[in-house]
There are 2 protein chains.
Amino acid sequence: MAETRVESVEKALSILEAFSGEQRSLTLTEIAKETGLYKSNVSRLASSLERYGYLKRDADRRFRLGPALWRLGTLYRRNFEMGDAIRPVLRQLVADTGETASFYVLDQDERLCLYRENSPEPVRHHLDEGARLTLRAGAAGHVLAAFSLLDAGAKAQLAADGSCTSAGERNPHIASAAAPIVDAAGQFHGALAVSGPLERLSGDALEMARLRVLLAARELSRDIL
Amino acid sequence: MAETRVESVEKALSILEAFSGEQRSLTLTEIAKETGLYKSNVSRLASSLERYGYLKRDADRRFRLGPALWRLGTLYRRNFEMGDAIRPVLRQLVADTGETASFYVLDQDERLCLYRENSPEPVRHHLDEGARLTLRAGAAGHVLAAFSLLDAGAKAQLAADGSCTSAGERNPHIASAAAPIVDAAGQFHGALAVSGPLERLSGDALEMARLRVLLAARELSRDIL
DNA sequence: AAAGTTGTTGCGTAGAGTGGAACAGATGGC
DNA sequence: GCCATCTGTTCCACTCTACGCAACAACTTT
């Protein structure tokens with residue numbers, strides 16, 4: 001594995017990461033505090049980021065994320081071209097289970113919700129596309145962990161069932177079932193998941209959801225070559 | 001204006017820009033050729049980008065854009081929080097005019113389609129959210145140009161009409177009308193536009209579209225404080 | 001095998017990037 | 001009004017990083 005790193009680049013990227021928090025706009029000093037860099041340094045790095053549209057500066061001189069990120073973000077998603085294949089599957093899962101269905105990919109050491117179709121139920125598990133969650137809890141987390149880290153436990157469960165379930169792990173009121181998408185070439189793409197309130201999704205209901213997710217994932221895995 | 005730049009950062013960002021072209025996956029040498037950097041340099045910069053999830057590497061060692069871009073891209077869009085305000089307006093414009101309505105923002109020296117609602121007509125102007133177009137043509141292009149560059153012509157037209165129209169400029173079969181969104185503080189946010197096939201959108205129809213866009217933009221401008 | 005690819009690594013040096021302080025605008029309190 | 005305290009930018013000297021290049025390694029093609 002490459003151990004090479006370019007420090008100034010990584011510092012610049014860590015500036016962008018500073019916007020992952022609650023704050024959607026930051027002053028220069030706030031960024032400096034957040035990243036541990038010197039103000040002067042942040043100022044220089046940020047102006048390079050700004051030049052390329054990765055940051056933009058408000059009228060009140062506060063920094064915000066820039067439009068280039070969204071432009072490249074849509075390019076990233078288009079790369080997959082899987083949206084067209086995945087959306088219908090998610091919708092079908094919602095129709096079959098009555099719960100929310102989503103598709104997660106690995107992003108660093110966390111998981112990123114790429115696509116999501118919400119349950120029609122008034123009480124449902126709600127989450128936005130683009131949200132980032134831990135790999136350490138939740139069915140989809142376990143599936144992704146099995147492929148990213150050397151998580152022996154998750155691997156074992158996947159080998160046995162081909163899928164994972166969780167109940168009240170990440171959030172005490174939510175249960176979920178998830179299965180991996182692996183193409184014919186053996187390349188891992190992400191995890192399909194169904195999630196909903198624990199009260200509806202437990203016992204047989206959860207097991208049924210697991211089977212439905214597993215089935216959908218298998219079919220999807222075959223379709224995408 | 002800040003003239004400071006951090007070269008290695010800008011080189012790294014130019015690597016990401018290399019994916020703006022047709023290719024959605026590039027080899028290291030292709031990136032090197034595209035950016036004019038040395039292979040060894042690209043290798044080091046790219047591994048830093050990869051470490052942060054801005055690039056990812058396929059099984060066949062080709063580079064692709066990474067999920068971090070999409071994650072931050074959605075954050076960027078959420079920053080606006082304008083989606084909630086803009087989408088209904090776009091839908092209303094589609095209902096009123098029967099044509100496609102969209103919202104553009106500035107991205108460097110081009111315009112970026114942030115939101116779009118498509119016309120229900122079978123023949124319509126189609127374009128994806130995230131697409132990037134020139135500022136040099138099209139009604140929305142003129143509006144944005146008036147605010148970004150010192151485009152005297154566009155500024156004059158905006159001052160006179162408060163809006164712009166175009167017919168067959170960027171694409172010979174498309175006409176459009178656009179107006180700026182400027183908040184109470186005088187901050188410019190982007191351009192609202194309606195566009196459709198020239199055959200439907202000309203003469204009185206285009207003028208009516210212009211008025212509708214202008215009205216919608218004024219209301220929206222007021223709403224967003 | 002040889003002659004191309006490809007991407008990675010080692011190395012010495014030029015010079016870019018950095019820390020720190022000093023400066024310059026804003027803002028605000030009294 | 002004035003001083004105190006924020007903000008962000010600029011300057012400068014030094015250090016150490018990032019870079020160009022070459023050599024290398026791992027695969028394909030001929």
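Numbers restart at 1 for each chain; the letters A, B, ... are given by sequence-line order, proteins then strands. Every heavy atom of this structure was used, including side-chain atoms; hydrogens, water molecules and symmetry mates were not.
- For the pair A:Arg5 CZ and C:dT8 C1', the interatomic distance rounds to 17 Å; values are reported in whole Å.
- Minimum interatomic distance between B:Leu72 and A:Leu65 (heavy atoms only, all atoms of both residues): O-CD1, 3.7 Å.
- B:Arg57 places no side-chain N or O within donor-acceptor distance of the main-chain N or O of B:Arg62, the cut-off being under 3.5 Å.
- Set against C:dG19, C:dG7, D:dG8, the side chain of A:Thr29 has D:dG8 as its closest nucleotide.
- Nucleic acid contact for A:Thr27: sugar-phosphate only, since backbone atoms but no base atoms lie under 4.0 Å from a heavy atom of the residue.
- Taking only side-chain nitrogens and oxygens, A:Arg61 never comes nearer than 4.0 Å to OP1 or OP2 of D:dC6.
- Looking at which nucleotide of DNA chain D each of A:Ser43 and B:Lys11 is closest to, the 5′-most match is held by A:Ser43.
- Here A:Ser8 does not reach the OP1 or OP2 of D:dT17: none of its side-chain N or O atoms lies under 4.0 Å away.
- Rounded to an integer number of Å, the gap from CZ of B:Phe63 to P of C:dT6 is 14 Å.
- Between A:Tyr104 and A:Ala193, the shortest heavy-atom contact is CE1-CB, 4.2 Å.
- In this structure, the CD atom of B:Glu50 is 9 Å from the P atom of C:dT8, given to the nearest Å.
- A heavy-atom distance below 4.5 Å is found between the side chains of B:Leu13 and B:Val9.
- A straight line from CG of B:Asn41 to P of D:dA18 spans 10 Å, rounded to a whole angstrom.
- The side chain of A:Arg57 contributes an N or O atom lying less than 4.0 Å from OP1 or OP2 of D:dT9.
- Atom pair A:Ile15:CD1 and C:dG17:C1' shows a separation of 13 Å (rounding to whole Å applied).
- The nearest heavy atom of DNA chain D to B:Glu7 and to A:Arg44 marks one nucleotide each, and the one closer to the 5' end goes with A:Arg44.
- For the pair B:Leu45 CG and D:dA18 P, the computed distance is 9 Å after rounding to whole Å.
- Between the CD atom of A:Glu10 and the C1' atom of D:dA18 there is a distance of 13 Å, given to the nearest Å.
- Regarding contacts with the backbone of D:dT10, every side-chain N or O of A:Lys39 stays at 4.0 angstrom or more from both OP1 and OP2.
- Here the shortest heavy-atom pairing between B:Arg77 and B:Leu114 reads NH1-O, 2.9 Å.
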